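In what follows, a single structure is set out as structure tokens and then discussed.
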Amino acid sequence: MPSKSSARLAALTVAAVCSAASTVVLTSPAHADSVRIHDIQGNTRISPYAGRQVTDVTGIVTGVRTYGSSRGFWIQDPDADADPATSEGVFVFTSSTPKGVAVGDLVKVSGTVTEYVPGGTSSGNQALTEITRPTTTVVSSGNAVPAATVIDADSVPGAYVPAGDSAANNSVNGLPLKPSAYALDLYESLEGMNVQVSDTRVVGATDPYTELWVTVKPWENRNRRGGTVYGSYASQNTGRIQIQSLGATADFPKANVGDTLTGTTAGPLDYNQFGGYTLIANQLGTLRSGGLERETTEKQKNGELAVATYNVENLDPSDATFEEHAAAIVDHLRSPDIVSLEEIQDNTGAKNDGTVAADQTMQKLIDAIVAAGGPRYDWRSVDPANNTDGGEPGGNIRQAFLFNPERVSFTDRAGGDATTAVGVTEERGKAALTVSPGRIDPANAAWNSSRKPLVGEFAFRGRTVFVIANHFNSKGGDQGLTSQYQPVPRSSETQRHQQATLVNSFVKDILDTQKNADVVTLGDINDFEFSDTTKILESDGALWSAVKSLPRSERYSYVYQGNSQVLDQILVSPSIRRGCDFEYDSVHINAEFHDQISDHDPQVLRFKP
């Protein structure tokens, strides 16, 4: 989820947080004279002066932000105290474009100390200490800006964040900061201060909001393409930090994973809604390319069936990416026999006009594939009921199967629609679907405002292969890794667990009918290979996530906040896994690149049924 300037809370002066789970409204703020910035910041995440008026707070201006909804400037006290837990910098929120101040000005600021929570308290984000409703006096100009504090591999601890206070809903807000023990405590102790990083590797490509992610720990869970792999809930990768710029958008580097920001990148350390701690650069390093190239998988052999999953990110006929998606399928995926597509939108895209058919979307993609030199695919899908499957309102996203009729055939069984549940029956001692294509238990509450799995019965060289295309409930609404609540609540898991249970049960119905049935369950699972969602899918040995056949450093299909992680998976039944005659490939063509056409990398499985 990209970060951008977040909307301000309606009443900044009422955000004085006195505990982890509540706020105190101070209608008549007390006064505090002659305080220093480190007094305001204190040694916890919440200012001891929150809600109080302060007078003549002295500091040198280190940066001025003139854009977005969070306009103002940073000041820093050049005379630091001896406590490493107390920051010497603070943001002064002016609401409108700051006037009369410039970098290097020595100023005195009077105003109200406020704890502002980017995204609102329901986001779980930490609070940013600010001085609001300021009155500013410039004492002198042209002063040297306080030297930037270096953030590097030596200064950032290996542990990410302490466990929160169980008596305060697991919030870390009231805990004393331990910057030498925890990375998030270190970053909090530098909040608002001038900081710098040097010669940092890019681990999250530049996005449309002109931000990127770097790591100050070059060997922390590094993979061969320059990313930083997220391999467990306990491995948050402490060296990651987001970079934005105080300069012109046009000057921001267009970086890919594996590139390097050489030299020094420096500026105030901020905290925002979507990325947490962020270096707002008034000095940007020079981009040096790492030469990252898009991958190409191997072509399946005659006796191999190639099955792929590819999230094409809200594809509809008005998009300009059909040729690029076609090239991805033909040139980089080498024209798989079956492709599960996620996020196919209806014929009118996000126009909320009641349209649910997606035949024009599919035909345009098929024609583009032919023009790119690929096969003329056929396709199957089930149209959803209007506005019932989540995603962009009016878009009616759904899964769809592409298949190459010269290599594989589809077994059509009439009766599948948006509300009819597919079942399993027995034909001549073998498992078969009651409808094909069909949807798994579409009326179940587990699929409320979410995509229903699409099931198809295919035949390859005389053997039936059941394919289940999924797009589970997204992580939207989950709190970020930098949440004030630790361990981080993952509320979206509840629905994914319910969904995984239903899919697992359906697969077991197939295997109970035919023990050696070939079943491929794939798609945008929206969860990690080590998650409970995956464990539920795998329960009782019904399935196994084949991405785990790859080395740990190769397991990723998505890059989020500088963490290379698994969201897209292909799971296989025991008959496929036992043969060990399969190859799995996460084909990295999108997630690591600033000019991506989707935020997901496709996955390919080749096996001999």
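The structure presented is a predicted model; accordingly, all values stated were derived computationally and were not measured.
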**Asked** Quick check: does any side chain N or O of Thr278 sit under 3.5 Å from a backbone N or O of Asp270, one acting as donor and the other as acceptor?
**Response** no
**Message:** Looking at Tyr485 and Gln479, would you say the former's side chain and the latter's main chain have a donor-acceptor pair under 3.5 Å?
**Reply:** no
**Asked** Counting heavy atoms not belonging to Lys508, are there more than 12 under 6.0 Å from its NZ?
**Response** yes
**Complete:** Interatomic distance, CD@Glu554 vs OG@Ser549, rounded to 0.5 Å, equals 11.0 Å
**Prompt:** Looking only at atom types and distance, does a side-chain atom of Asp165 sit under 3.5 Å from a main-chain N or O of Ala167, one as donor and one as acceptor?
**Reply:** yes
**Asked** Is a donor on one side and an acceptor on the other found under 3.5 Å between the side chain of Arg240 and the backbone of Asn563?
**Response** no
**Prompt:** Under 3.5 Å, is there a donor-acceptor pair between the Thr482 and Tyr271 side chains?
**Reply:** yes
**Item:** Residue pair Tyr187, Val195: steps toward the side-chain contact (heavy atoms from CB on, under 4.5 Å) verdict
**Value:** CA-CA 10 Å; Tyr187 296 139; Val195 299; over 6 Å; no
**Asked** Does Thr361 use its side chain to pair, donor to acceptor, with the backbone of Gln345 at less than 3.5 Å?
**Response** yes
**Asked** Do Asn386 and Asn396 have side-chain N/O donor and acceptor atoms under 3.5 Å apart?
**Response** yes
**Message:** Distance alone, cut at 3.5 Å: any donor-acceptor contact between the side chains of Asn504 and Asp540?
**Reply:** no
**Request:** To the nearest 0.5 angstrom, please state how far the CD atom of Glu342 sits from the CG atom of Asn470.
**Result:** 8.0 Å
**Test item: side-chain donor near acceptor, Gln484 and Ser171, under 3.5 Å** = yes
**Request:** Would you check if the side chain of Asp207 reaches a backbone N or O of Tyr209 as a donor-acceptor pair within less than 3.5 Å?
**Result:** yes
**Asked** Between Phe506 and Ile468, which heavy-atom pair has the shortest distance, and what is it?
**Response** CD2-CD1, 3.9 Å
**Message:** Under a 3.5 Å cutoff, is there a donor and acceptor pairing between the side chains of Asn237 and Thr215?
**Reply:** no
**Message:** Between Gln499 and His471 (side chain of the first, backbone of the second, donor and acceptor by atom type, cut-off under 3.5 Å), is there such a pair?
**Reply:** no
**Message:** Please check this pair: side chain of Glu529 against backbone of Gln569, looking for a donor-acceptor N/O pair closer than 3.5 Å.
**Reply:** no
**Request:** Using a cut-off of 6.0 Å, state whether more than 12 heavy atoms not belonging to Lys351 lie near its atom NZ.
**Result:** no
**Prompt:** Counting only N and O atoms by type, is there a donor-acceptor contact under 3.5 Å from the side chain of Arg555 to the main-chain atoms of Leu550?
**Reply:** yes
**Distance-only polar pair, side chains of Tyr277 and Glu191, donor-acceptor under 3.5 Å** = no
**Message:** Working to the nearest 0.5 angstrom, can you tell me the gap between Leu212 CG and Ser245 OG?
**Reply:** 10.0 Å
**Message:** For Arg201, run the side chain to side chain contact (heavy atoms under 4.5 Å, CB included) check against Leu261, Val216, Thr228 and tell me which one passes.
**Reply:** Thr228
**Message:** Between Ser586 and Asp601, do the side chains contain a donor N or O and an acceptor N or O under 3.5 Å apart?
**Reply:** no
**Candidate pair Trp74 and Ile280, rule side-chain contact (heavy atoms from CB on, under 4.5 Å), full reasoning** = CA-CA 11 Å; Trp74 289 267; Ile280 308 296; 4.1 Å; yes
**Message:** Under 3.5 Å, is there a donor on one side chain and an acceptor on the other for Asp319 and Thr321?
**Reply:** no
**Item:** Thr238 and Glu220: side chain donor to acceptor below 3.5 Å
**Value:** yes
**Request:** Begin with the C-alpha distance, continue with both residues' side-chain angles, and end with the deciding distance and a verdict on side-chain contact (heavy atoms from CB on, under 4.5 Å) for Leu341 and Leu365.
**Result:** CA-CA 11 Å; Leu341 298 170; Leu365 179 58; 3.6 Å; yes
**Request:** Check Ser449 against Arg451 and note the closest heavy-atom contact, atom names and distance.
**Result:** O-NH1, 4.3 Å
**Asked** What class does the angle between the rings of Tyr230 and Tyr233 fall in, given that below 30° is parallel, 30 to 60° is tilted and above 60° is perpendicular?
**Response** perpendicular
**Request:** Quick one: pull up OG in Ser564 and CZ in Arg225 and give me the separation to the nearest 0.5 Å.
**Result:** 9.5 Å
**Prompt:** Pick one: which of Arg496, Lys535, Gln565 meets side chain to side chain contact (heavy atoms under 4.5 Å, CB included) with Asp527?
**Reply:** Arg496
**Check: Glu115/Ser47 side-chain N/O donor and acceptor closer than 3.5 Å** = no
**Item:** Closest contact, heavy atoms only, Ile525 versus Leu537
**Value:** CG2-CD1, 4.2 Å
**Message:** Go through it in stages, so that I can follow the logic: the residues are Thr355 and Asn347, the test is side-chain hydrogen bond (donor to acceptor under 3.5 Å, both in side chains), and I'd like the CA-CA distance, side-chain angles, deciding distance and then a yes or no.
**Reply:** CA-CA 7 Å; Thr355 299; Asn347 293 336; over 6 Å; no
**Prompt:** If you look at every heavy atom in Val566 and Phe528, which pair is closest and at what distance?
**Reply:** O-CD2, 3.3 Å
**Asked** Closest heavy-atom contact between Asp568 and His600?
**Response** OD1-ND1, 2.8 Å
**Request:** Consider only side-chain N and O atoms of Glu592 and Tyr556, and report whether a donor and an acceptor are under 3.5 Å apart.
**Result:** yes
**side-chain contact (heavy atoms from CB on, under 4.5 Å) assessment of Asn590 paired with Tyr310** = CA-CA 11 Å; Asn590 283 321; Tyr310 186 19; 3.5 Å; yes
**Asked** Are the side chain of Arg398 and the backbone N or O of Ile344 linked by a donor-acceptor pair below 3.5 Å?
**Response** yes
**Request:** Please report the shortest heavy-atom distance between Pro176 and Asp185, naming the atom on each side.
**Result:** O-OD2, 4.1 Å
